[in-house]
Q: 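Quick one: this structure, given as structure tokens, is what I'll be asking you about.
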Amino acid sequence: MPLQREFFLKSAEEVAKELLGKILSRRIGDVVLTAKIVETEAYYGEEDPASRACQNGDLKKTMEKEAGTILVYGVHNNWLINFVTGKEGKAEAVLLRALEPLNFSGNTKGPGLLTKVLRIDKSFHKKDICNCEELWLEDGKAIKEEEVVESYRIGVKKDLKKKLRFYIKNSEWVSKK
DNA sequence: CATATGATGGACT
DNA sequence: GTCCATCATATGG
């Protein structure tokens with residue numbers, strides 16, 4: 001049972017936290033890859049100095065779209081995948097930073113790496129995660145509250161004072177520096 | 001078309 | 001921790 005749109009209809013912060021432990025599935029031809037989400041970050045487009053969305057028109061517009069919209073952001077030679085959250089017009093999104101492979105092997109310890117392994121690129125931009133044949137989310141085993149760690153975001157020039165990075169404690173797959 | 005930019009990753013100290 | 005290769009975008013002429 002894929003996650004419903006209501007799941008994304010909360011604040012980016014909340015969705016980021018609840019996304020931990022959920023299952024991401026990617027269909028490539030006849031093969032379905034599944035992975036557990038172990039690290040996320042919340043982004044706010046309007047007053048978030050870390051996000052390019054505060055200056056970039058198209059990205060900001062996408063973040064303001066309906067909850068559940070997939071947002072793919074290209075930087076350096078990588079693709080970063082986000083899910084739009086909150087109400088339409090709100091400019092919020094959650095970035096996937098790391099996954100734990102379940103039925104395959106690969107290095108998914110990082111936002112640019114996981115998209116490479118799952119072969120996610122700009123063709124997913126603006127698609128609907130709740131209604132996509134090739135990429136979707138499913139509920140996973142619930143994780144305990146004490147396993148969720150809050151932290152400041154990584155690789156961001158100017159960050160907000162809030163802790164917007166969430167990851168699963170003791171996971172081998174969390175990216176770190 | 002030219003150029004500036006960066007939500008990275010990997011190599012190195 | 002620091003340095004930097006590298007390239008898809010955004011933006012301006």
Side-chain angles (χ1 to χ4, degrees), chain A residues 8 10-22 24 26 33 35-86 89-101 104-129 132 134-135 137 148-168 171-177:
Chain A
F8 299 96
K10 292 162 267 188
S11 73
E13 211 174 324
E14 226 171 325
V15 175
K17 197 186 283 189
E18 290 184 26
L19 226 32
L20 295 176
K22 294 286 187 287
L24 181 74
R26 165 76 166 108
L33 269 36
K36 187 168 74 175
I37 297 172
V38 297
E39 186 180 359
T40 61
E41 278 180 10
Y43 276 85
Y44 296 90
E46 287 175 358
E47 16 67 64
D48 193 340
S51 173
R52 240 205 227 171
C54 53
Q55 359 167 341
N56 173 334
D58 179 62
L59 190 53
K60 189 181 174 207
K61 255 183 245 167
T62 309
M63 285 179 93
E64 288 172 350
K65 282 176 88 70
E66 190 178 21
T69 303
I70 300 170
L71 187 157
V72 180
Y73 173 58
V75 67
H76 297 88
N77 46 336
N78 294 290
W79 297 109
L80 314 181
I81 185 168
N82 301 248
F83 302 124
V84 176
T85 69
K90 257 294 222 166
E92 295 183 7
V94 174
L95 165 72
L96 249 51
R97 285 198 60 89
L99 304 174
E100 177 185 335
F104 64 100
S105 63
N107 184 4
T108 50
K109 262 190 227 188
L113 295 174
L114 70 92
T115 53
K116 204 172 281 182
V117 172
L118 295 184
R119 307 211 203 143
I120 290 165
D121 57 26
K122 197 71 192 288
S123 64
F124 284 96
H125 193 47
K126 293 182 184 176
K127 282 201 172 186
D128 185 358
I129 191 65
C132 184
E134 309 200 307
L135 189 72
L137 287 163
V148 177
V149 184
E150 299 183 13
S151 151
Y152 293 105
R153 293 181 295 192
I154 290 180
V156 167
K157 264 192 171 178
K158 297 178 184 173
D159 204 351
L160 296 172
K161 289 168 189 163
K162 298 179 73 172
K163 292 184 178 181
L164 294 173
R165 175 180 178 233
F166 305 95
Y167 61 94
I168 297 180
S171 173
E172 291 296 311
W173 292 95
V174 172
S175 64
K176 62 169 184 183
K177 287 231 169 183

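Letters A, B, ... mirror the listed sequences (proteins, then strands); counts begin at 1.
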Q: Rounding to an integer number of Å, can you tell me how far A:Y43 OH sits from B:dG6 P?
A: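 Atom OH in A:Y43 sits about 13 Å away from atom P in B:dG6.
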Q: Is there a donor-acceptor pair closer than 3.5 Å between any side-chain N or O of A:R165 and the backbone N or O of A:E39?
A: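 Absent.
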Q: Please enumerate all residues that pass salt bridge (charged side-chain N to carboxylate O under 4.0 Å, His left out) together with A:K90, with sequence neighbours excluded.
A: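 Counting only residues at least two positions away or on another chain, A:K90 forms a salt bridge (charged side-chain N to carboxylate O under 4.0 Å, His left out) with A:E92.
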Q: How many whole angstroms separate atom CG of A:L160 from atom P of B:dA7?
A: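 Taking CG of A:L160 and P of B:dA7, I get 13 Å after rounding.
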Q: Going by salt bridge (charged side-chain N to carboxylate O under 4.0 Å, His left out), name the residues that satisfy it together with A:E14, two or more places apart in sequence or in a different chain.
A: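 Per chain and number, A:E14 pairs via salt bridge (charged side-chain N to carboxylate O under 4.0 Å, His left out) with no residue.
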Q: Does A:K122 make a side-chain N or O approach to OP1 or OP2 of C:dT9 shorter than 4.0 Å?
A: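 For C:dT9, OP1/OP2 do have a side-chain N/O of A:K122 under 4.0 Å.
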Q: To the side chain of A:V156, which of C:dT9, B:dG9, B:dA7 is closest?
A: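 Taking heavy atoms from C-beta onward, the closest nucleotide is B:dA7.
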Q: Between atom CZ in A:R153 and atom P in B:dT8, what is the gap in whole Å?
A: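 Distance, rounded to whole Å: 11 Å.
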Q: Which parts of residues 66-85 of chain A get close to DNA chain C, meaning a heavy atom less than 4.0 angstrom away?
A: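 Result for residues 66-85 of chain A: A:H76, A:N77, A:W79, sorted by number.
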Q: Over how many whole Å does the gap from A:R97 atom CZ to B:dG9 atom C1' extend?
A: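 Rounded to whole Å, this separation is 11 Å.
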Q: Between A:K109 (NZ) and B:dA11 (P), how many Å, whole number?
A: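 For the pair A:K109 NZ and B:dA11 P, the rounded distance is 13 Å.
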Q: Which comes earlier along DNA chain B counting from the 5' end, the contact point of A:N107 or that of A:G155, where each point is its nearest nucleotide?
A: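 Going by which nucleotide is closer to the 5' end, it is A:G155.
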Q: Can you sort out the partners of A:E150 under side chain to side chain donor-acceptor pair (under 3.5 Å), two or more places apart, ordered by chain and number?
A: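 Listed in chain order: A:K17.
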Q: Using the 3.5 Å cut-off, write out each protein N or O paired with an N or O of nucleotides 11-13 of chain C and the distance between them.
A:
residue	atom	partner	partner atom	Å
C:dT11	OP1	A:Q55	O	3.2

Q: So, using side chain to side chain contact (heavy atoms under 4.5 Å, CB included) as the criterion, who are the partners of A:V117 when residues are at least two apart?
A: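 Once residues adjacent in sequence are excluded, the partners of A:V117 under the side chain to side chain contact (heavy atoms under 4.5 Å, CB included) criterion are A:F104, A:T108.
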Q: For DNA chain C, what string of dots and brackets results from 5' to 3' when Watson-Crick and G-U pairs need both distances under 3.5 Å, crossing pairs get [ ], and pairs with another strand get |?
A: |||||.||||||.
Q: Side chain to side chain donor-acceptor pair (under 3.5 Å): which pairs involve residues 67-82 of chain A, sequence neighbours left out?
A: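 Sorted pair list: A:R52-A:Y73.
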Q: Listing request: all salt bridge (charged side-chain N to carboxylate O under 4.0 Å, His left out) pairs with a residue in residues 107-127 of chain A, at least two apart in sequence or in separate chains.
A: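 As it turns out, the salt bridge (charged side-chain N to carboxylate O under 4.0 Å, His left out) pairs with a partner in residues 107-127 of chain A, which skip direct neighbours, are A:D58-A:K126.
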Q: Just jot down the side chain to side chain donor-acceptor pair (under 3.5 Å) partners of A:K61, sequence neighbours excluded, or say none.
A: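 Side chain to side chain donor-acceptor pair (under 3.5 Å) list for A:K61, sorted by chain: empty.
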Q: Could you state the CZ-P distance from A:F166 to B:dA7, rounded to the nearest angstrom?
A: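 My rounded result for the distance is 19 Å.
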Q: Please check: side-chain N/O of A:T40 versus main-chain N/O of A:A16, any donor-acceptor pairing under 3.5 Å?
A: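 Present.
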Q: Using atom CD1 of A:I154 as one end and atom C1' of B:dT8 as the other, report the distance to the nearest whole Å.
A: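 About 11 Å, once rounded to whole Å.
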Q: Measure CZ/A:R165 against C1'/B:dT8 and give the value in whole Å, please.
A: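 The distance from CZ of A:R165 to C1' of B:dT8 comes to 14 Å, rounded to the nearest Å.
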Q: Apply side chain to side chain donor-acceptor pair (under 3.5 Å) to A:K36 and list each qualifying residue two or more places apart in sequence or on a separate chain.
A: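 Expected list: none.
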Q: Kindly write out the residues that satisfy side chain to side chain donor-acceptor pair (under 3.5 Å) with A:K10, not counting sequence neighbours, or none if the list is empty.
A: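 A:E18.
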